[in-house]
Every structure is written in structure tokens, then in C-alpha cells.
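Accompanying notes for the structure given below.
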Amino acid sequence: MVDRRVPSRLRCDAGWDPLPRPAPRTVRPSMSRFARVFAESIAAAADLPVDDVLGLIGAPPKAEMGQLAFPCFQIAKARHAPPPKIAAEIAAELSSDAPFTAIKAFGPYVNAFLDGAAVARDVLPRVLAEGERFGRLDLGHGEAVVVDFSSPNIAKSFGIHHLRSTVIGHALVNLFEAAGYAPVGINHLGDWGTQFGQLLAIWKTDGDEDALAAGGIQYLLDLYVKFNTKLEGEPGLQDEARACFKALEDGDPEARRLWKLFRDVSLAEFETSYRRLGIDFDDMRGESFYEDKMPAVLDELRRKGLLKTSDGATVVDLEEHGLGAALVRKADGSTLYLTRDLAAAQFRRDTYRFVRALYVVGGAQALHFAQMTKVLELLGRDWAGAVEHVPFGLMRFKDRKMSTRKGDIIPLASVLDRAVELAKERIVEGAREKGLPEPDDVDGLAETIGIGAVVFSDLKNRRQRDIVFDWDEVLSFEGETGPYLQYTAARIASMEQKSGRPITTEVDWTVLDGPGELALCLALEGLSDSLRRAVAECEPSLVSDKLLEIASLFSTLYARRDWKVVSDDEGLTDARMLLAHAVRQALGNGLGWLGIQVPDRM
RNA sequence: GCACCCGUAGCUCAGUUGGAUAGAGCGCCUGCCUCCGGAGCAGGAGGUCGCAGGUUCGAAUCCUGCCGGGUGUACCA
């Protein structure tokens, strides 16, 4: 079975070096187009390569110090002069033409002040024109990237611990799509393996098809727990399980029938959760699909002299690479998940011709993927470097230790249900308090908001961190949460409806030259850069951060007494409405990439 | 033992391709609904960036060694 999250207990004497990472995906953390203009003029003034300058440009700590900064320490050192002196000299040579209003030295830095009107005139029409395409990139040129994610075990319930792989993987699929790749979302279902034998073994004594039909996956889970309980007093049961799995492998009709039944029952429940999360896989092959493709892999390994026998088992010795021994066949002749993953990797390569193959799987399995990549390398696959484990931290639980063997899991559905329930209460309450009519589709809205909260609570964290599951945090709608972002967008949608004026770019840009508007336009401009970094690092939280920044900057403006979007001044209204609309567009696009819907009211 | 991940405010986390006085959210305290939706906004208190060295004009960021937590380390997946 392939449950990617279940801890493994392989043994390996030596440690291992992480494989060299594939070539860097990006060259520079490119900045806005304005940074480039700034860099070009500095490069000319100081006689330096533009790219070197661009790499050094950053943002000053405060808005009063401008929007772009160039530190002079390095050239000062090369030219044996004090940095402030160099900065002053460069600043003196630069003219502050548009889009800059001023360029001046601040100690050892040369800082540029951008013209808010010029920035707005540049950014906002693009947002309007590009609409849903705003922020997207063409880094991938339509090349295929396969993303293996979620990959739950059949016959076990879909727990909260599956959330991480599922939402991170889903976000990555969308992010790669937005960056111009052709992603293929793959759900590598754990529908094969020795644990199926356990289920079949306990079924013999305790199985009941009516109960299965009624209880669904919960019943299978109960059986699984029952097996483990019974095993303690009856060790022979393990052999029985092995025999059952053997029968399944050999095509015993009754075993196959039951296996298919278990599979269908489980899939039905998984589909419900996937549908709620808006996830649609491109490829749902289970491990069973690769059964007949493993002999070819083993054959090739043997032909290339990579196999060794060790204690009856067949292994690829990776000791010299610090990766221990990779087991590809057990002493009893049956295969392991490494063997299946090797067959699957080859199949994916043949089928999709990917340029990157991602595995969104917990960090606990780093060794497995390192071994897999190394074996592919030894087999001479020139695409081995494209195989990439995208690890994420463990989900732990606040109060208690969770044990799948005892059936002690929090079903994902119950977390979603609770979030949706709270969202519904909030909507109804909110409508009453504000004297607004209750929305037509309260349940649909609650679903969008509740699920948005759960999904974002995961995606705002950097992938590799372990996260502690905390109901209060996952179900929070305030602060840095999905509902906060949705709410910001919903308020704007509501204004657009009320104003009744069409969004236009025929506006007086000078009314948008305040520091708040400028910061906001630069944040909007930065959305695609967050996307660039997110796909380079397989890190959705980079987009989450940018969205929070955009929403927060807009909310600050919005809350000001002296800053109303809709006013008697039609010119001002049109300009601010365009800005607000751009914010809504950016939030909608970014949240969409993260797999979160945006309602137009809440 | 060895390897990998993590260690930043009371809590949850940004910041980690070296750059200016280390930033948010939650919680706590103070304000803000005659005015576009308060799921919001503003302000305050709160920090030896795990510890100790080192490199550097400059270190939360890079290097070394420790400490703490997590994970992995051959017939489960």
C-alpha cells in the first residue's frame, strides 16, 4: 500500500547525502518593471552591468524612504571609497524623470521615489485588460509537469492528515498551470499491498456485506482496527493475511471481488471530499495498475547488474551513495512500493513526457525518494533529475497522539463540516446585524467560506514546517485567514454592484498618487513574482503572503474616514473603483490558484 | 550512532540567494460604526532571532560545534 503519510520503518545502516537538486529553476527573484528601470539608470551612471545592479536592489524599510533602494557597499569596497560618498555621487548623476519623482542618497543607499500616478497608470490598466489572466506567466511553455499528490490508502478513511498533501498538491497543480505549464494531477491510490490481505483475513470471520453497504468506509476502518486488536492475541493472523494477499495477487475470484468492493466503497467517499475541495485529478490510477509493469523493471535491473540478494531479499545496493540498500523484492517474492514507484515513474515519463515530476509526500519519506531517484539514475534515465520530492512537515495533534492503527483519526469531512457550519452561523448573524437581506444561497456560501478557511490555514504555512492541528486556528475567520481575503474581495464586489458605474481606465491617475495607493499598486504588480517564486520553490505560501499583503493594504485605505471609494466626485470614484476592482481581481486570481473560491458577498 | 527538517514576541508564523531601527496575525490593553459591509481599521505593551564561536564593512540569514523538538535509518506503505 502506498499511503504516503504513514511513517515508514525501513532500516539502513549508513546515512545518506541528499541528492544534488535539479538545476536552479529561476535565475533571479526578479523585481518589478520599475526596479529594472531604476537598475538601468544606476548601471549607466555607475558603469556596472544591469543584472548585477538589479540583483542588489531592494525595498527601503519605510515608505518615507522611497520604494526602491540600491546599497552601495559592494562598489564602495571595489573603488576604495566610503559608501555614502558613492551613493551621493550616483544620486547626483541620476535625473528623476518618470516614473520617479525623486532619487536621492540615504547614507550608503541610493533610493528612488516612484510616481504613484505613473505606477497606477502602468499597473491598473493591465489588471483590467488581463482579467483572469492577470499575474499569470509563461515560464513553462506548455511543458508537462506531473504532480503526485493526495494518494490516500484505499480502505481507510480520509483523515485530516491527508489535508496537507491534498491541498498543497492541488495548489501546485494550479500554480504550475498559471505559470504556463501543462500540469497533470495524479492520485496514486494505495489500492494494493499486504494490508489488503489483512482486510481480507478479518473479513473471513467478521465480514458482513450488508454492514459494509450501510457503513461504508467507516465499516472498513472498524475491520482494520478489529484486525489489529485480534492480532495481539492471535499472531497466526498475520500469516493468514499474507496468504489472503497472495490469493488476491494470484487472481482468486472471491478475493478480487471483495477487493474491488472495498475499492469502490472507499473511492466514493474520497470523491465527496475531493468535490468539496474542488479537486479533479487528471490521472487516478491505483497501485494495482502497475502490477504487470514491475517484472520489466526488475528485469532491467537484473540485466544491468544492479541487483543483489541479501538475506533472501532482492536489493539495489546504494551503500556507496550513502543510501543504504533499496529493497525491490521481498524474500517471499512479493514486491515493494519502491518497485511500484519505479514502474509508475517510467509509465508517467512514457505517458506524459514530463519536464518535472513532483511527489507531494511527507518529509518522512525523503529516503525512499532519494533511493528511487538514484536507482533511476543508475538505470541511465536521463530524466532522473526531473524527479523531485516535495516534502512537507508532519501534522501533529494538540492534545493526543493519533494512531491510525487504532482508528483514532479526525475525518477530513468532519473538519470541513464544522467549518461550514460556523460559516453559516456567521453569515446569518452578520446579515441580521448589518440589516442586509440573507443571501439566496446561504449553504453554498457557507461551503465556500468554511472550506476556504480550512484550506488557507494550511497553505499559509511554509510547507516544511510541522503543523499542529488546532481546531480554533483552522476554524478561525479572523486575521490572516481565507475568509479575511474573501471578505475583502466581497466588500469590493458589493461596492461595484452598488455604484452601478462601469469600471474604466479613463481616469485621472494623479488622484491615485498617495502612498497607500502606491504601495497597493506595487503589491499588485508583485503578484506574478510571487507566482514565479512559488513554482520555483514549490511553495504555495509565497502566494498566500502576497494576497494577505494586498488585502491588508487595501483594507487600510478602505477604513480611512477620508478615503471613500464611492463619492460625489465621479472622477475620483472612477479612479478608486478601478483600483478596488484590480484588488478584487488579484485576490480572486491568487485564491483561485490556491484552490479557494471567492464569493461576491458574505 | 548517523542523516534530514524545524527552533524568531505569551501563542501561531513571515523574514533565511548576507544589507538600513527584526515584521504580521492571535491573545491582552486603548481607541474607531451620523459616512462605501466592524469577518474590518488605528495605536500600545511584548524580542539575548535556541546557545557559543567564526567569516564579513555588515549575520535572523553563510560556516563550525553544541542544546532542544520532530522524522528516518532492509523485507509496511
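Quick caveat, the model's predicted, so the values are computed rather than measured. All chains are named by letter (A, B, ...) in the order of the sequence lines, taking the proteins before the strands, and each is independently numbered beginning at 1.
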Pairwise [atom1] distance, [M] and [N] [rounded to whole Å]:
N: B/G50; M: B/A9; atom1: P; result: 8 Å
N: B/U48; M: B/U30; atom1: P; result: 26 Å
N: B/C66; M: B/G7; atom1: C1'; result: 14 Å

Check the distance between [N]'s [atom2] and [X]'s [atom1] and give it to me in whole angstrom.
X: A/Q371; N: B/C4; atom1: CD; atom2: C1'; answer: 14 Å
X: A/H368; N: B/C5; atom1: NE2; atom2: P; answer: 19 Å
X: A/H161; N: B/G70; atom1: NE2; atom2: P; answer: 20 Å
X: A/L56; N: B/A20; atom1: CG; atom2: C1'; answer: 15 Å
X: A/R465; N: B/G7; atom1: CZ; atom2: C1'; answer: 8 Å
X: A/E549; N: B/G15; atom1: CD; atom2: C1'; answer: 12 Å
X: A/Q365; N: B/G72; atom1: CD; atom2: P; answer: 9 Å
X: A/K77; N: B/G58; atom1: NZ; atom2: C1'; answer: 10 Å

Indicate, with a heavy-atom threshold strictly under 4.0 Å, whether [X] touches base, sugar-phosphate, or nothing.
X: A/P60; value: base
X: A/D332; value: nothing
X: A/Q74; value: base
X: A/A76; value: nothing
X: A/N111; value: base

* To the side chain of A/M65, which of B/G15, B/U21, B/G72 is closest? -> B/U21

* A/Y558 ring centre to A/R491 NZ or CZ under 6.0 Å, with the angle to the axis within 45°? -> yes

* Can you tell me the Watson-Crick or wobble partner of B/G23, both distances under 3.5 angstrom? -> B/C13

* Structure fact -> Paired to B/C4 by Watson-Crick or G-U wobble criteria (both distances under 3.5 Å) is B/G70

Evaluate the ring planes of [X] and [Y], with Trp represented by its six-membered ring, and classify them as parallel (under 30°), tilted (30 to 60°) or perpendicular (over 60°).
X: A/Y359; Y: A/F369; value: tilted
X: A/F158; Y: A/F270; value: tilted
X: A/H368; Y: A/Y337; value: parallel
X: A/F469; Y: A/W471; value: perpendicular

* Carefully, step by step, assess A/E249 and A/K246 under the rule salt bridge (charged side-chain N to carboxylate O under 4.0 Å, His left out). => CA-CA 5 Å; A/E249 276 190 305; A/K246 186 81 167 54; 6.0 Å; no

* To do: Determine, for nucleotides 36-45 of chain B in 5'-to-3' order, which nucleotides have protein heavy atoms under 4.0 Å from the base (write B), from only the sugar-phosphate (write S), or from neither (write -).
  => BBSBSSS---

* Structure fact -> The glycosidic conformation of B/C36, counting syn as within 90° of 0 and anti otherwise, is anti

* Asked: So, is A/R462 close to the B/U16 phosphate, meaning a side-chain N or O under 4.0 Å from OP1 or OP2?
  -> no

* To do: Assess whether side chain to side chain contact (heavy atoms under 4.5 Å, CB included) is satisfied between A/D529 and A/R532, documenting all intermediate values.
  => CA-CA 5 Å; A/D529 195 52; A/R532 182 195 318 276; 3.3 Å; yes

* Is the shortest heavy-atom distance from the side chain of A/S541 to the side chain of A/R463 under 4.5 Å? -> no

* To do: Check whether the side chain of A/N461 and the base of B/A14 form a donor-acceptor pair under 3.5 Å.
  => no

* Asked: Do A/R533 and B/U17 share a donor-acceptor pair, side chain to base, under 3.5 Å?
  -> no

* **Earlier contact from the 5' end, RNA chain B, for A/L336 and A/P83** => A/P83

